[in-house]
Number of protein chains: 2
Amino acid sequence: MSSPLSLAEENYLKAIYHLSENGNASVNTNSLAESVSTTPASATDMVKKLASKNLVGYQKYKGTTLLADGKREALTVIRKHRLWEVFLVEKLSFKWDEVHDIAEQLEHIKSPMLIKRLDQFLGYPTMDPHGDPIPNEAGEMKDIIKASISKIDVGSKGIVVAVENDDSLLLQHLNSVGIKIGSKIHIISRTDYDGSLSVSVDSGVPQFISQTVADNIMISLSEN
Amino acid sequence: MSSPLSLAEENYLKAIYHLSENGNASVNTNSLAESVSTTPASATDMVKKLASKNLVGYQKYKGTTLLADGKREALTVIRKHRLWEVFLVEKLSFKWDEVHDIAEQLEHIKSPMLIKRLDQFLGYPTMDPHGDPIPNEAGEMKDIIKASISKIDVGSKGIVVAVENDDSLLLQHLNSVGIKIGSKIHIISRTDYDGSLSVSVDSGVPQFISQTVADNIMISLSEN
DNA sequence: AGTAATTTTTAGATATACCTAAAAATAAAT
DNA sequence: ATTTATTTTTAGGTATATCTAAAAATTACT
Ligand SMILES: [Mn+2]
Ligand SMILES: [Mn+2]
Ligand SMILES: [Mn+2]
Ligand SMILES: [Mn+2]
């Protein structure tokens with residue numbers, strides 16, 4: 001039916017998806033243009049083309065919304081992007097912050113079979129190295145909770161997505177415990193009396209974390 | 001210095017490399033056009049552009065030759081293509097004959113680090129799943145010998161690249177021994193008296209192969 | 001050598017995805 | 001309610017990589 005999408009079309013759909021907070025809100029032309037690093041004039045051109053393919057809804061001066069097909073395409077690209085990021089970090093030992101640009105290229109490879117096999121090879125991950133959820137083939141993804149580890153159930157596993165304090169003493173301390181953005185955290189136990197935690201970092205031996213420190217560590221975990 | 005090559009430019013350079021038998025001979029416009037599935041007019045246009053970038057030598061009506069820079073670029077693309085083919089077969093369980101089209105896309109991903117890491121992840125392979133040699137970072141590759149397993153030293157390992165006989169009884173027999181195009185063969189021992197062999201197929205238990213059968217099995221192995 | 005066949009190049013167009021500059025519509029401010 | 005500022009669209013172009021049709025050069029054949 002529809003010709004395969006070009007790299008540019010895929011990037012626009014993905015940008016619209018992100019800017020519309022998961023495909024709900026309407027996106028204005030200037031933000032879209034900025035998001036794909038182009039001019040508003042070019043964005044208008046592209047949005048018209050996407051509208052003619054029934055991927056987005058568009059009315060002059062009124063913004064752009066994803067239609068069902070466009071949302072599906074966007075989620076497919078996001079799925080590929082995040083799966084490749086997992087591959088790069090888990091299999092090729094890239095760091096958390098080195099993978100985005102490579103994934104921006106890999107996300108456009110066209111082969112449903114490749115993605116199926118990659119997903120299997122990676123053990124069907126539900127979260128990427130940045131703590132963002134990976135859509136399944138149907139475009140569904142688990143809800144992701146982002147919260148301080150001082151407020152999360154014992155037994156939970158997640159990825160450090162932020163440290164809410166740039167005190168260099170704190171950062172040095174985290175360094176000594178091996179906690180950094182992208183670390184995998186497993187909450188082993190909590191002492192109710194003082195709120196201190198025992199956590200495993202990147203599958204290592206349990207580490208003691210005081211509540212003061214725990215308050216600053218934000219992790220991302222998928223519900224269920 | 002030079003702007004990154006486009007996908008089209010990379011494909012032309014690769015085609016010129018293959019058509020010129022490894023960058024030596026000169027390539028005529030019609031074959032080049034056919035090889036990249038385009039018209040001779042388009043090939044002429046592209047060859048002019050590549051010549052202006054000093055990647056190929058070109059004189060009207062006299063054909064095209066790879067220059068040093070063009071050959072280097074071609075070999076980089078071929079290296080990437082073959083490494084990705086190994087990845088697809090070894091890690092994602094694709095069949096020998098399913099990987100080419102996907103590798104045609106993956107070969108254009110731009111990231112020297114990615115290829116370095118991929119190479120390491122794969123254990124620095126020297127041959128792709130089709131028995132073709134993988135150039136190293138400097139563009140050098142091992143010589144590949146293609147010969148019948150009845151004429152190859154005990155201890156050698158290689159990949160089945162052809163079966164020189166389409167007798168259905170032979171093919172059925174090979175099937176029962178698990179030998180097919182792309183199989184990894186390890187020659188365990190040879191009985192001098194009748195030329196029969198004991199070989200391991202895809203790292204399995206040793207199999208008995210008579211000389212009559214062995215004569216028909218062509219494998220590809222890297223010299224060293 | 002002269003003609004015919006083939007190969008290759010040029011000329012002129014098309015589609016994609018950009019751009020700048022100007023016009024039009026919408027939103028904000030007085 | 002005007003005026004002003006911002007956003008968005010249109011108009012007109014550019015670069016890449018294609019195409020077809022026609023011209024030119026080379027090669028092959030009597
Ligand atoms: Mn990313
Ligand atoms: Mn990510
Ligand atoms: Mn191939
Ligand atoms: Mn190959």
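Computation of the quantities below employed the complete heavy-atom set of this structure, encompassing side-chain atoms and omitting hydrogens, waters and symmetry-equivalent molecules. Residue numbers start from 1 in every chain, and the chains themselves are labelled A, B, ... in the order their sequence lines are given, proteins ahead of strands.
- Contact annotation: N30(B) side-chain N/O to dT8(C) OP1/OP2 distance is under 4.0 Å.
- The interatomic distance linking K48(B) (NZ) with dT16(D) (P) rounds to 14 Å, in whole Å.
- Remark: K91(B) pairs with no residue by the salt bridge (charged side-chain N to carboxylate O under 4.0 Å, His left out) rule, at least two apart or across chains.
- Considering only residues two or more places apart in sequence or on other chains, H100(A) meets the ring pair (Phe, Tyr, Trp, His ring centres under 6.0 Å) condition with H81(A).
- Across the protein-nucleic acid pair, L7(B) atom CG and dT18(D) atom C1' stand 14 Å apart, rounded to whole Å.
- Within residues 19-29 of chain B, no residue has any heavy atom closer than 4.0 Å to DNA chain D.
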Could you list the donor-acceptor pairs under 3.5 angstrom formed between side-chain atoms of residues 167-175 of chain A and any protein atom two or more places apart in sequence or on another chain?
| unit_1 | atom_1 | unit_2 | atom_2 | d |
| --- | --- | --- | --- | --- |
| D167(A) | OD1 | L169(A) | N | 2.8 |

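- Considering only residues two or more places apart in sequence or on other chains, H18(A) meets the ring pair (Phe, Tyr, Trp, His ring centres under 6.0 Å) condition with none of them.
- Residue S26(B) holds its OG atom at 10.5 Å from CG of L19(B), rounded to the nearest 0.5 Å.
- For H186(B), the ring pair (Phe, Tyr, Trp, His ring centres under 6.0 Å) test picks out no residue, with sequence neighbours left out.
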Filtered N/O pairs between nucleotides 13-15 of chain D and protein, under 3.5 Å:
none

Between the protein and nucleotides 20-28 of chain D, list the N/O to N/O atom pairs that are separated by less than 3.5 angstrom.
| unit_1 | atom_1 | unit_2 | atom_2 | d |
| --- | --- | --- | --- | --- |
| dA25(D) | O4' | Y61(B) | OH | 3.3 |

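- Not counting sequence neighbours, the partners of K184(B) by the salt bridge (charged side-chain N to carboxylate O under 4.0 Å, His left out) test are E90(B).
- The ring-ring contact (aromatic ring centres under 6.0 Å, His included) contacts involving residues 102-125 of chain A comprise nothing, where partners must be two or more places apart or lie in separate chains.
- Contact check on E104(A) versus K14(A) returns a salt bridge, with a Lys/Arg side-chain nitrogen under 4.0 Å from an Asp/Glu carboxylate oxygen.
- At the heavy-atom level, T38(A) lies under 4.0 Å from the strands shown only through sugar-phosphate atoms.
- Look at CG on L5(B): it is 14 Å from C1' on dT16(D), rounded to the nearest Å.
- Within the 4.0 Å cut-off from OP1 or OP2 of dT9(D), at least one side-chain nitrogen or oxygen of Y58(A) is found.
- Evaluation of the ring-ring contact (aromatic ring centres under 6.0 Å, His included) test over residues 127-148 of chain A, restricted to residues two or more places apart or in two chains, returns W96(A)-H130(A).
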Could you pull out every donor-acceptor pair under 3.5 Å between side chains of residues 64-78 of chain A and any protein atom, sequence neighbours left out?
| unit_1 | atom_1 | unit_2 | atom_2 | d |
| --- | --- | --- | --- | --- |
| D69(A) | OD1 | R72(A) | NH2 | 3.4 |
| T76(A) | OG1 | R72(A) | O | 3.0 |

